[in-house]
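Predicted, not measured: the structure shown is a model, and the values here were computed from it. Residue indices begin at 1 and follow the sequence shown.
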Amino acid sequence: MTPPVSQSQTNLISKTIEQLRSFCQVNLQSTWLYQECDRSITDVVTSNLSDWQPVELNAKGHIAWKGGKQVLWLVQKLLVPQDLQGYPLTGLSLRLALIWWADAAEVYVNGELVQAGDLFDFYPRVLLSQSVSAGDEFIVALRLVSPGHDQGALMRSHLIYESTDYNHPDPGFVADELAVTQLYLERFAPEKLDELAVEIERTNRKDAEDAERVRQILLHLRPSASIGGSKFKINLLGHAHLDLAWLWPVSETWNATQNTFESVLKLQKDFPELIFCHSTPALYAWVEEHRPDLFAAIQEAVAVGKWEIIGATWVEPELNLISGESIVRQLLYGQRYYQEQFGKISPIVWVPDSFGFCATLPQFFVNAGVEYFVTQKLRWNDTTKFDYGAFLVAIARR
């Protein structure tokens with residue numbers, strides 16, 4: 001019988017995570033100034049900030065404004081301090097982490113456009129400096145356009161100071177390691193949570209040196225919990241889910257596709273370890289026709305293993321009501337395109353947003369060279385619960 005998870009253990013670990021992050025992260029949500037009118041970036045950076053209004057956060061902690069393609073400008077001046085709660089910042093890289101709900105978004109640093117996004121590309125980590133010094137100053141401005149169907153929102157804005165030396169990680173990185181370890185132990189080794197909590201409580205002095213002490217605890221714990229060894233490994237793969245049409249015209253999908261794919265390639269230059277996947281042959285075909293330069297860059301990324309082609313079907317289809325012939329052609333056109341343009345087919349049907357699945361799917365998939373089926377809509381049910389998160393299906397060939 002799995003022992004229950006103690007709330008006191010969870011609270012202690014969660015407080016430690018929050019404390020570690022406070023040494024190198026700053027929440028900016030309440031410090032923005034705003035104007036609800038469109039203007040040029042030149043007007044913004046030369047304007048008197050005393051003429052701007054301080055934002056008000058809603059109950060969710062968001063900065064919200066009217067829907068219907070309305071423009072909101074946000075601006076603030078950032079000054080790098082010597083330290084945060086005693087943790088020195090000099091030499092660390094500095095990023096601005098944002099989450100928005102906007103039809104279009106532009107991020108300017110000192111008057112220069114450094115990032116653009118939309119409803120799909122909405123979670124950037126903008127590099128402000130590769131190595132900061134105390135007194136460095138940045139003027140950051142955001143131009144946000146609300147969706148046509150909904151109000152807009154800036155949901156998160158954090159400054160994050162990060163170490164670029166993997167042998168000496170910053171406290172925020174250690175906090176992330178601790179958070180992942182906590183989730184892992186709660187699920188697979190709850191008896192180890194008590195050991196982790198006791199060790200943290202024993203060494204916790206609530207200062208910047210906590211990060212190194214906590215990391216040593218995690219490194220000591222890993223072998224006994226089978227974390228980081230040969231038995232278990234966590235792999236993360238970047239993905240962008242792009243609806244071809246929903247609450248916007250198809251032309252906006254095309255713009256989102258270009259922006260997303262270009263953003264990924266830029267991120268891979270910044271983070272060489274980033275591997276990305278996308279699942280819609282139809283969008284690759286659009287890019288091939290209209291942006292051959294971008295398509296060539298994607299082909300190169302696929303060839304060197306930094307971009308995975310997945311999906312197998314031409315688009316992400318409805319898979320509950322359509323005919324078998326439709327399913328066959330989805331697979332035929334999708335896999336044929338992948339084979340012709342990338343030299344291989346996809347072994348994975350990727351349908352996280354399809355709402356239903358007919359019982360005949362396995363026979364279609366196996367005959368199309370598909371080995372795996374990925375979704376998450378099976379869990380969108382409050383009545384008939386699906387029993388498994390991962391499972392194998394045996395298919396008899398005749």
Does any N or O in the side chain of [X] come within less than 3.5 Å of the main-chain N or O of [Y], such that one atom is a donor and the other an acceptor?
X	Y	answer
Ser14	Asn11	no
Tyr161	Leu84	no
Trp100	Asp118	yes
Glu316	Leu244	no
Thr313	Leu331	no

Legend entry - Sequence-distant partners of His168, ring pair (Phe, Tyr, Trp, His ring centres under 6.0 Å), two or more places apart: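 Applying ring pair (Phe, Tyr, Trp, His ring centres under 6.0 Å) to His168 gives none.
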Inset, instruction - Check ring pair (Phe, Tyr, Trp, His ring centres under 6.0 Å) between Phe391 and all other residues, then give those that pass, not counting sequence neighbours. - result: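 Ring pair (Phe, Tyr, Trp, His ring centres under 6.0 Å) list for Phe391, sorted by chain: Phe386.
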Inset, instruction - Under the side chain to side chain contact (heavy atoms under 4.5 Å, CB included) rule, collect the residues that match up with Arg156, sequence neighbours excluded. - result: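 For Arg156 the side chain to side chain contact (heavy atoms under 4.5 Å, CB included) partners, ignoring immediate neighbours, are Ala97, Ile99, Tyr123, His158, Ile160.
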Inset, instruction - Tell me, with the steps shown, if Lys266 and Glu262 meet salt bridge (Lys or Arg N to Asp or Glu O under 4.0 Å). - result: CA-CA 6 Å; Lys266 289 178 183 177; Glu262 287 177 334; 5.6 Å; no
Legend entry - hydrophobic_cluster_shared for Leu12 and Val198, side chain cutoff 4.5 Å: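 No; Leu12 is not reachable from Val198 via cluster members.
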Legend entry - Distance-minimising heavy-atom pair for Gly86 and Pro88: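 Result for this residue pair: O-CD, 3.4 Å.
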Legend entry - Single hit among Phe261, Phe342, Phe295 for ring pair (Phe, Tyr, Trp, His ring centres under 6.0 Å) with Trp307: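 Exactly one pass, corresponding to Phe261.
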Report, one line per pair, each donor and acceptor closer than 3.5 Å where one atom sits in a side chain of residues 68-75; sequence neighbours left out.
unit_1 : atom_1 : unit_2 : atom_2 : d
Lys69  : NZ     : Asp103 : OD1    : 3.4
Lys69  : NZ     : Asp103 : OD2    : 3.0
Lys69  : NZ     : Glu252 : OE2    : 3.1
Gln70  : NE2    : Gly68  : O      : 3.2
Trp73  : NE1    : Arg39  : O      : 3.4

With distance as the sole criterion, is a donor-acceptor pair present between the side chains of [X] and [Y] under 3.5 Å?
X	Y	answer
Tyr184	Glu186	no
Ser346	Gln335	no
Ser93	Gln130	no
Ser326	Ser323	yes
Tyr337	Glu288	yes
Ser47	Trp52	yes
Trp350	His239	yes
Ser163	Asp165	no

Inset, instruction - Determine the sole option in Gln341, Lys344, Glu308 for which the side-chain contact (heavy atoms from CB on, under 4.5 Å) test with Val302 is passed. - result: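 Of Gln341, Lys344, Glu308, side-chain contact (heavy atoms from CB on, under 4.5 Å) with Val302 is met by Lys344 alone.
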Legend entry - Contacts of Gln258 that satisfy side chain to side chain donor-acceptor pair (under 3.5 Å) - sequence neighbours left out: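 Scan of Gln258 (side chain to side chain donor-acceptor pair (under 3.5 Å), adjacent residues dropped) gives Arg291.
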Legend entry - Which residues share a side chain to side chain donor-acceptor pair (under 3.5 Å) with Asp136, sequence neighbours left out: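 Partners of Asp136 by the side chain to side chain donor-acceptor pair (under 3.5 Å) criterion come out as none, since no residue qualifies.
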Inset, instruction - Give the C-alpha distance, both sets of side-chain angles, the deciding distance and a yes or no for salt bridge (Lys or Arg N to Asp or Glu O under 4.0 Å) between Asp176 and Arg21. - result: CA-CA 9 Å; Asp176 292 341; Arg21 287 177 175 157; 2.8 Å; yes
